[in-house]
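FYI, side chains are in, hydrogens and waters are out, and symmetry mates aren't considered; it's all heavy atoms of this structure.
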Amino acid sequence: MFFHGCHSLSCCTGCNPHFGCDHRQFCTIGSVKTNIGHIEAAAGVAGVIKVLCMMRHRRIPRHLNVLNPVINFQDSPFSVATESREWKSRGEGLPLRAGVSSFGMGGVSTHLLLEEFVGNWSSGTEPKSSGDGLHQETDHLFLLSAKSESGSAKLVRRWQRFVGTREYEAADLRNICATLTTGRKALPYRYGCCVTNKGALSEAINAISDGRHPIDSDHSPIFPRATRTPTCLRIGTFSLGGFADIQALSERNPLFRKQIRRIEETYAKQEILKRMRTGFFRKLAWSSQARPLYAFMASHAYVSAILDAGFVPNLIIGEKNGLWPALTASCMATLEDIISLFTDQGKWDEFRFKRPLIPFLDPLTNQTIMPFHFSTTYLLGMRDSLQISREVLAHHMDKARLLLENQHTFIRYVEEWDVLLRQSGKTTAQMLLDNGNGQEKPVSDLLSHDISVSDLLCQKEAVLLSLVIVSSLRRLSQKWSLTEDPPEADSRFHELADLVTDNVMPKEAAIALFRDDHVDVASIAEMLNQRQAHMNLENPYVHIREQALHEIPEPGEWLKTAEDGTSSVPEGMVSLNIGDLSIPAPEEQSIYADPAQGEDSTLKQALIHLWMRGADIRWDAFYPEGRFRKVALPLYPFSGERYQNGHRKANNQQTKNNPEKMETPSSTQHPAPIAQHPAPSAQHPAPCMKRPVSF
């Protein structure tokens with residue numbers, strides 16, 4: 001028996017023989033505070049973790065404090081763990097038991113009883129399969145990541161020890177891989193591979209320890225540092241002869257199977273497609289007449305499975321029959337749109353594209369079609385038709401006056417505007433406090449009626465003032481995770497505020513748009529087109545989404561010739577190549593996934609390579625919550641570095657003698673977060689979405 005006090009040993013003084021227990025010193029006691037210090041609100045959780053670790057290793061750690069001489073432990077049921085020793089149960093076959101007490105400063109006390117699990121870990125009922133192929137997979141994902149090269153070496157050594165334990169032998173391989181991929185944060189130094197059994201996993205770990213790379217035969221680092229290199233998805237010709245080529249992949253890969261079911265649902269919607277369903281799922285060769293349609297459906301499912309795993313490329317390229325899945329992957333067309341063309345249900349000359357959600361490279365012009373298009377007409381329409389009611393303006397001004405008195409963060413945000421506002425007119429404070437003179441109406445006088453920006457210059461000032469206040473308030477809300485219910489306003493104003501808050505429209509551009517009568521609106525529009533990667537698509541952006549796609553004026557004619565176009569990978573981009581391509585990409589910048597192989601491992605290896613290069617992959621799509629049993633795995637090792645007075649403690653005499661050379665705890669200990677998207681450029685267009693829509 002073990003009793004654990006998270007805050008103090010005084011909780012044990014009331015326990016004595018008068019409680020009906022004649023045994024002496026049979027219950028060992030300890031405190032987490034003596035091991036790691038007083039951590040207040042987290043002490044109870046820390047105590048539970050300590051006891052669980054003790055049960056796992058069946059050892060009682062040493063209690064570090066000096067015993068209290070006032071407590072007569074010799075004549076009590078308790079003994080203090082003054083030495084580290086083995087933890088044994090009180091009888092053969094009995095589990096280890098422990099009590100954990102935590103006492104809060106406010107008088108709230110908690111006591112928890114824990115008992116060791118006794119039985120066969122592998123004998124429990126596994127999570128049920130829903131028949132979606134999740135438990136038919138033969139290739140499992142094994143992923144490791146570390147904060148540094150030294151951390152990766154320590155982590156591998158922990159795994160080498162783990163594969164020799166009874167816990168490893170008792171655990172299921174799928175549970176090990178599922179727990180690892182879904183329960184660990186992705187750190188900068190990454191390694192991954194596919195394993196089919198525990199022997200392959202042990203071999204992979206030994207290969208890493210020996211300096212061999214189980215995936216690549218070249219001399220690339222085993223744990224490369226992930227970087228946010230721009231990526232493109234390049235889709236070529238799919239050489240598929242029948243459903244048999246992809247049947248194994250459909251049965252074993254849950255993401256691909258999901259897309260095949262999506263196709264089945266599409267078949268069920270129309271009678272003509274119902275008759276074609278038998279032909280698509282025929283294991284033998286597809287008919288020559290239907291092969292283009294069936295090849296498109298299979299390629300669409302394959303590409304959609306990759307996007308459904310969370311991969312968001314910066315650019316999509318398609319050539320030959322890979323053009324069709326490229327159009328659906330970028331969301332310029334839907335699965336139903338393309339099927340209607342292949343089955344002659346849709347008219348080619350009436351076909352219309354939507355603006356893409358992921359940038360698309362036109363194979364005929366080699367020009368990138370971006371998700372949004374900002375034009376002079378759009379900006380002037382947004383500005384000149386803008387309406388703001390007096391209630392909305394009054395709400396903004398009243399809140400700003402209150403916050404400018406003592407809210408320093410809000411003041412700092414407004415001062416960033418004032419640096420620019422001062423160069424062309426009144427500052428925020430002057431616009432808020434000015435009583436006006438002469439013939440020009442002050443901003444405060446506009447509270448008496450609704451305003452239109454096209455009327456007077458002072459009304460433009462009112463809109464600009466509201467833009468300053470609202471954008472600063474939104475930054476304040478984001479910083480402190482605040483929520484508010486703003487008053488109803490013109491949707492155009494909210495869209496402008498979103499553009500400013502998302503840093504798509506710089507402050508100086510917004511000021512020029514409302515203060516400069518001779519502003520070059522075309523230059524501002526081009527600037528917004530270059531900066532649209534910053535747009536947060538959780539914002540509605542209603543009006544810019546209404547802008548039509550003008551880059552392809554005649555879609556029907558374009559579709560008849562676009563298959564013959566070819567495009568190469570832009571310089572500096574990592575390319576995920578799917579299918580047969582006419583122009584090979586540089587080998588060091590290429591990742592290949594061949595659907596014609598029909599193997600689950602091919603798709604997973606491609607995702608692993610993308611992840612090792614810094615891409616965010618949704619591994620929980622392969623291992624959904626509740627579909628596997630979590631197991632205890634090696635944890636990431638502590639770095640073991642010391643800090644003193646905000647600086648890392650020097651370990652050599654030279655640093656001690658030169659205090660100015662002491663390092664601060666910077667990115668070595670806490671790596672800077674990897675940017676969500678690389679900075680946009682003409683050569684490297686950036687995505688304008690966090691995740692593509694699931695097809």
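Between the side chain of E495 and the backbone N or O of V542 there is at least one donor-acceptor pair closer than 3.5 Å. Remark: side-chain polar atoms of R531 are paired, donor with acceptor, to backbone N or O of N503 under 3.5 angstrom. A donor-acceptor distance shorter than 3.5 angstrom exists from the side chain of R618 to the backbone of D308, with no hydrogens or angles considered. At least one donor-acceptor pair under 3.5 Å links the side chain of R383 to the backbone N or O of L513.
When the side-chain contact (heavy atoms from CB on, under 4.5 Å) test is applied to S145, the partners found at least two apart in sequence or on another chain are L187, R190, W611. Not a single ring-ring contact (aromatic ring centres under 6.0 Å, His included) links Y189 to another residue, sequence neighbours left out. Residues that satisfy the ring-ring contact (aromatic ring centres under 6.0 Å, His included) test with Y541, not counting sequence neighbours, are absent from this structure. Taking the ring-ring contact (aromatic ring centres under 6.0 Å, His included) definition, one finds that W286 meets it with F280, Y294, sequence neighbours left out. Listed by chain and number, the residues in a side-chain contact (heavy atoms from CB on, under 4.5 Å) with T501 are S471, R474, Q478 (sequence neighbours excluded).
Heavy atoms only, all atoms of each residue included: Q547 and R355 are closest at O-CD, 3.4 Å. Taking each heavy atom of T343 and I339 in turn, the nearest pair found is OG1-O, 2.8 Å. When all heavy atoms of P595 and L240 are compared, the closest pair comes out as O-CD2, 4.2 Å. The shortest non-hydrogen separation linking A329 to V303 is CB-CG1, 3.7 Å. Closest approach of F256 and Y302 over heavy atoms only: CE1-N, 3.5 Å. Of all heavy-atom pairs between M612 and G192, the closest is SD-N, 3.8 Å.
L307 has its side chain within reach of L233: a pair of non-hydrogen atoms, C-beta onward, lies under 4.5 Å apart. Proximity of L141 to L607: side-chain heavy atoms (C-beta onward) are nowhere separated by under 4.5 Å. No side-chain heavy atom of L576 sits less than 4.5 Å from a side-chain heavy atom of P313. Looking at L315 and V569, their side chains never come closer than 4.5 Å, going by heavy atoms from C-beta outward. Using a 4.5 Å heavy-atom cutoff, the side chains of R492 and L386 are in contact.
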Give the C-alpha distance, both sets of side-chain angles, the deciding distance and a yes or no for side-chain contact (heavy atoms from CB on, under 4.5 Å) between H373 and H550.
-> CA-CA 9 Å; H373 178 70; H550 66 279; 3.3 Å; yes
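Atom CD of Q289 has 12 or fewer neighbouring heavy atoms from other residues, nucleotides or ligands inside a 6.0 Å radius. Enclosure of atom CD in E546 by more than 12 non-hydrogen atoms of other residues, nucleotides or ligands within 6.0 angstrom is indicated.
For residues 563-597, no residue pair satisfies the ring pair (Phe, Tyr, Trp, His ring centres under 6.0 Å) rule, not counting sequence neighbours.
Using cut-offs of 30° and 60° for the angle between ring planes, the Y623 and H140 rings count as parallel. Taking the six-membered ring where tryptophan is involved, the planes of W558 and F353 are perpendicular, since the angle between them exceeds 60° and thus also 30°. Ring geometry for Y378 against F374 counts as perpendicular: the plane angle is over 60°, on a 0 to 90° scale with 30° as the lower cut.
Salt-bridge formation is detected for the pair E336/R262: a Lys NZ or Arg NE/NH1/NH2 atom is positioned less than 4.0 Å from an Asp or Glu carboxylate oxygen. A salt bridge does not link D620 to R627: none of the charged nitrogens lies less than 4.0 Å from a carboxylate oxygen. Between E599 and K604 no salt bridge is recorded (no basic side-chain N to carboxylate O distance below 4.0 Å).
For the residue pair T377/S375, the side-chain donor-acceptor check at 3.5 Å is not satisfied. With hydrogens and angles left out, the side-chain atoms of N321 and S299 include no donor and acceptor closer than 3.5 Å. Using modelled atom types, one finds a donor on one side chain and an acceptor on the other under 3.5 Å when comparing T334 with D337.
To the nearest 0.5 angstrom, F360 atom CZ is 10.0 Å from L549 atom CG.
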